[in-house]
Amino acid sequence: MIKSKMYLPHEKLKEWIKVYWFLKGEKTDSSFFYDHNLMPDGCTTVLLVIDGTFNLNDYYKEGKIKRGVYVIPPCKINNKLKFSNDIHVIDIQFNPSIFYKLFKTPVSLLEDKVYTLDELSIKFDNSILEQIYNLKTDSIIMNFLDVFLFDLFNKNNFHADDLILNINQLYRNANLKSFFSEQNLSKRQIERNVKSLTGLSPKEIQKVARFYQVLDTIKFNQYNINFTKLSYENNFYDQSHFTKEFKSFTGLTPRKFIKEMDIFPQFKGLCTLSDEITL
């Protein structure tokens, strides 16, 4: 059995951290690998591999990784995820633009590869892996991560500017028109700045935000969904447009996704932030 859970960070970190995603196996057979799907989420993440093997080679170069701390740039398409049965991973998902502002590394310059911290010259306390390994419950680990990251932001003298706050708002509400109206720059300047900060265009961030709004609805209403209504409620041109965009994130149509949702561990941890599932 694999546990897939997502947790919101402390209130003081919610503008900077989207979620902590915990993925943990049974530790019974390290030779057995699960094969599942990974959906784009628009985030640059710091991945803590505490135990087991995590394989992202379907999309990322140098994606087969074991114990260590890694940086994963945002991907734009659905891809394959493989992990061993003894896996223990925590994915710290930064809101778009936060990684750049914190570590001064332009996301737009990152390749589609898994990076070690040394490659990016990022100072990060690697003892965090051993400390987490010795903690017993998710709640204790959560408290530890909150304190660790709050200290990290303070040490880097992190302050959000208007563009960061507006990008975060776009990531939440998918309102592209409102986003552009809030800036005092030309559209081309805005797009260039956002691309450097996040690795994504404003349009791509809007698509990610809209996709996760759709997933929220599916999560709570999977047995009673009017897809035509859902497409218009989320500002798609029509149901065909909705289906095409949904398929670009999952590889499946919405109806087929509902039937095969167990192959998407992110979805199982989504929204309730406390689901334990069997994969």
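Sequential numbering from 1 along the given sequence is applied to the chain's residues.
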Report yes if the side chains of P9 and W16 come closer than 4.5 Å at any heavy-atom pair, otherwise no. no
Hydrophobic clusters here meaning ILVMFWY residues chained together by side-chain heavy-atom distances under 4.5 Å, can you tell me if I258 and V214 are in one? yes
For the atom pair CD (E182) and CG (L170), what is the distance rounded to the nearest 0.5 Å? 11.0 Å
What I'd like to find out is whether the side chain of L145 reaches to under 4.5 Å of the side chain of Y7, using heavy atoms alone. no
If we ignore hydrogens and angles and just use 3.5 Å, is the side chain of N79 paired with the main-chain N or O of Y59 as donor and acceptor? no
In Å, rounded to the nearest 0.5 Å, how long is the span from OG1 of T217 to CG of L230? 5.5 Å
Checking the side chain of N57 only, and the main-chain atoms of G63 only, is there a donor and an acceptor separated by less than 3.5 Å? yes
Ignoring hydrogens and angles, state whether a donor on the side chain of E191 or S201 is under 3.5 Å from an acceptor on the partner side chain. no
Go through L120 and L110 one step at a time and tell me if the side chain to side chain contact (heavy atoms under 4.5 Å, CB included) criterion holds. CA-CA 9 Å; L120 298 177; L110 300 181; 3.7 Å; yes
Might you point out which heavy atoms bring N37 and Q266 nearest each other, and give the distance in Å? O-OE1, 4.1 Å
Can you find a pair of side-chain heavy atoms, one from F179 and one from N173, that are under 4.5 Å apart? no
Should F33 and L56 be counted in the same cluster of Ile, Leu, Val, Met, Phe, Trp and Tyr side chains packed under 4.5 Å apart? no
Quick one: sort the F103 and F94 rings into parallel, tilted or perpendicular, breaks at 30° and 60°. perpendicular
Just wondering, more than 12 heavy atoms not from K104 lying within 6.0 Å of its NZ? yes
Partner of I90 under side chain to side chain contact (heavy atoms under 4.5 Å, CB included), chosen from T45, V46, L129, I132: I132
Measure the shortest side-chain to side-chain distance between L197 and V107 over non-hydrogen atoms and say whether it is less than 4.5 angstrom. no
CG of L215 to CG of D41: how many Å apart, nearest 0.5 Å? 11.0 Å
Just checking, K18 and Y171: is the charged tip under 6.0 Å from the six-membered ring centre and within 45° of the axis? no
Any K80 side-chain heavy atom under 4.5 Å of N55 side chain: no
Donor-acceptor check, side chain of S231 to backbone of T228, threshold 3.5 angstrom: yes or no? yes
Using modelled atom types only, decide if a donor and an acceptor are shared between the side chain of T198 and the backbone of P96 within a distance under 3.5 Å. no
Tell me if a side-chain donor or acceptor on T44 pairs with a main-chain N or O of F99 at a distance below 3.5 Å. no
Show, in sequence, the C-alpha distance, side-chain angles and deciding distance for K101 and D161, and conclude whether the salt bridge (Lys or Arg N to Asp or Glu O under 4.0 Å) test is met. CA-CA 10 Å; K101 298 295 285 189; D161 55 32; 3.3 Å; yes
Is it the case that the side chain of D238 and the backbone of H241 share a donor-acceptor pair, with hydrogens and angles ignored and the cut-off at 3.5 Å? yes
Quick one: does Y60's side chain have a donor or acceptor within less than 3.5 Å of a partner on P73's backbone? yes
Can you tell me if N184 has over 12 outside heavy atoms packed within less than 6.0 Å of its CG? no
Answer yes if the side chains of Q169 and R172 hold a donor-acceptor pair under 3.5 Å, and no otherwise. yes
Rounded to the nearest 0.5 Å, the CG atom of N157 sits from the CG atom of L102 at a distance of 11.0 Å
Residue pair N85 / Y34, side-chain heavy-atom distance below 4.5 Å: yes
Which atoms form the tightest heavy-atom contact between L165 and E15, and what is the distance? CD2-OE1, 4.0 Å
When clusters are formed by joining ILVMFWY residues with side-chain heavy atoms under 4.5 Å apart, either directly or through shared neighbours, do L23 and L8 land in the same one? yes
Nearest-0.5 Å distance, CZ of residue R67 to CG of residue N126: 10.0 Å
Using a cut-off of 6.0 Å, state whether more than 12 heavy atoms not belonging to N134 lie near its atom CG. yes
For a quick test of reading the model, state the closest non-hydrogen atom pair linking I140 to L135 and the distance between them. CG2-CD2, 3.8 Å
Heavy atoms of K195 and S108 approach each other most closely as O-CB, 3.2 Å
Atom NZ of K113: over 12 foreign heavy atoms under 6.0 Å: yes
Taking F211 as the fixed residue, which of F236, F242, F267, F249 is the one that meets the ring pair (Phe, Tyr, Trp, His ring centres under 6.0 Å) rule? F249
Does any donor atom in the side chain of H88 or D86 lie under 3.5 Å from an acceptor atom in the other side chain? no
Just wondering, are more than 12 heavy atoms of other shown residues or ligands nearer than 6.0 Å to CZ in F158? yes
Kindly determine whether L200 and K76 satisfy side chain to side chain contact (heavy atoms under 4.5 Å, CB included), including the steps that lead there. CA-CA 9 Å; L200 303 171; K76 299 178 183 179; 3.7 Å; yes
Look at the aromatic rings of F257 and F264 and report parallel, tilted or perpendicular, splitting at 30° and 60°. tilted
So how far is it from L13 CG to F150 CZ, rounded to the nearest 0.5 Å? 7.0 Å
For K14 versus N95, what's the shortest heavy-atom pair and its separation? O-ND2, 3.3 Å
I218-Y232 co-clustered via ILVMFWY side chain contacts under 4.5 Å: no
Do L47 and V114 come close enough that some side-chain heavy atom pair is under 4.5 Å? no
Verdict with supporting geometry, K123 and K155, side chain to side chain contact (heavy atoms under 4.5 Å, CB included): CA-CA 11 Å; K123 294 180 180 179; K155 287 176 183 176; over 6 Å; no
With ring pair (Phe, Tyr, Trp, His ring centres under 6.0 Å) as the criterion, how do Y70 and F124 come out once you've worked through the C-alpha distance, each side chain's angles and the decisive distance to 0.1 Å? CA-CA 10 Å; Y70 304 91; F124 199 91; over 10 Å; no
Compare every heavy atom of D125 with every heavy atom of Q131, then report the nearest pair and how far apart it is. NE2-OD2, 4.2 Å
Parallel, tilted or perpendicular, judged at 30° and 60°: which one describes the rings of Y20 and F22? perpendicular
Give the cluster check for Y133 versus I141: same hydrophobic cluster or not, with ILVMFWY residues linked at side-chain heavy-atom distances below 4.5 Å. yes
